[in-house]
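What follows is a single structure, written as structure tokens, with notes after it.
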Amino acid sequence: MDGPVEQYSGAAFSAAIVYTIVIFIRPLISPLRAASAAVAYCWFIEFAQLTPIPAALSERAWLVRQLLGAQFDLVDVAWYPVGAVPLVAAHWFLRAGRRSRPTPTPAGP
């Protein structure tokens, strides 16, 4: 399938992957900072596609094409935050659940 839903959900999925990588590298980062880093990275890659460098690199290797893309798409710029928002909500929810649990006290003799 190669329609607009697949293309734009792919952009959102890319941001979700980058968000996950950010959390893996910096587990204690706040959800908003993780999302900001992920979206900023995705935007950087997308706007870099306005130069000939990513396209030239993408012609040489399939993996590079997957990482850098080949051409700029303004609609993708809007879809990157869409991919990060659900993960921010899940991240906040999980953090809140962890904070609300009482810490167990060690049992004494």
Side-chain angles (χ1 to χ4, degrees):
M1 296 188 335
D2 195 27
V5 171
E6 292 82 8
Q7 178 184 356
Y8 301 131
S9 63
F13 187 62
S14 296
I17 290 170
V18 174
Y19 186 98
T20 304
I21 292 169
V22 169
I23 295 299
F24 181 76
I25 293 170
R26 301 268 325 256
L28 299 179
I29 194 168
S30 73
L32 193 54
R33 285 187 181 205
S36 297
V39 171
Y41 175 80
C42 291
W43 284 348
F44 173 77
I45 296 298
E46 192 69 36
F47 283 102
Q49 293 171 1
L50 291 171
T51 70
I53 297 167
L57 293 172
S58 292
E59 288 177 4
R60 297 176 186 216
W62 177 86
L63 182 59
V64 175
R65 172 186 258 117
Q66 300 309 307
L67 294 174
L68 299 180
Q71 70 184 52
F72 177 79
D73 187 350
L74 186 60
V75 178
D76 284 351
V77 172
W79 276 91
Y80 292 128
V82 172
V85 167
L87 293 177
V88 169
H91 193 172
W92 266 325
F93 178 76
L94 291 171
R95 277 185 151 194
R98 199 175 330 154
R99 278 189 235 126
S100 66
R101 276 190 246 142
T103 52
T105 56

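This structure is a prediction, so every number in the text was calculated from the model and none was measured. Values below: all heavy atoms of this structure, side chains included; hydrogens, waters and symmetry mates excluded.
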* Asked: Run the side-chain contact (heavy atoms from CB on, under 4.5 Å) check on Leu32 and Val88 step by step: do they pass?
  -> CA-CA 7 Å; Leu32 193 54; Val88 169; 5.5 Å; no

* Asked: Step by step, would you call Tyr41 with Val22 a side-chain contact (heavy atoms from CB on, under 4.5 Å)?
  -> CA-CA 10 Å; Tyr41 175 80; Val22 169; over 6 Å; no

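Side-chain contact check for Ile23 versus Ile29: some heavy-atom pair is nearer than 4.5 Å.
The aromatic rings of Tyr19 and His91 stand perpendicular to each other, their planes meeting at an angle above 60°, with 30° marking the opposite boundary.
The CZ atom of Arg65 lies 7.5 Å from the CD atom of Glu59; values are rounded to the nearest 0.5 Å. Between the CD atom of Gln49 and the CG atom of Asp76 there is a distance of 7.5 Å, given to the nearest 0.5 Å.
For the pair Glu46 (side chain) and Asp73 (backbone), a donor-acceptor distance under 3.5 Å is present. Between the side chain of Trp43 and the backbone N or O of Val77, at least one donor-acceptor pair lies under 3.5 Å.
Hydrophobic cluster membership differs between Phe13 and Val82, with clusters built from Ile, Leu, Val, Met, Phe, Trp and Tyr side chains linked at under 4.5 angstrom. Hydrophobic clustering of Ile, Leu, Val, Met, Phe, Trp and Tyr side chains at less than 4.5 Å, counting indirect connections, unites Phe44 with Leu57. When hydrophobic clusters are built by joining Ile, Leu, Val, Met, Phe, Trp and Tyr residues whose side-chain heavy atoms come closer than 4.5 Å, directly or via intermediates, Leu50 is grouped together with Leu74. Val85 and Trp92 are members of different hydrophobic clusters when ILVMFWY side chains are connected at heavy-atom separations under 4.5 Å. Linking ILVMFWY residues whenever their side-chain heavy atoms come closer than 4.5 Å, directly or via other members, leaves Leu67 and Ile25 in distinct clusters.
When every heavy atom of Pro81 is checked against every heavy atom of Val39, the shortest pair comes out as CA-CG2, 3.9 Å. The two residues Cys42 and Ala15 come nearest to each other via the heavy atoms SG-CA, 3.7 Å. In terms of heavy atoms, Leu87 sits closest to Thr20 at CD1-OG1, 4.3 Å. Ala16 approaches Gly83 most closely through the heavy-atom pair CB-O, 3.8 Å. Shortest non-hydrogen contact noted between Ser30 and Arg95 is CA-NH1, 3.5 Å.
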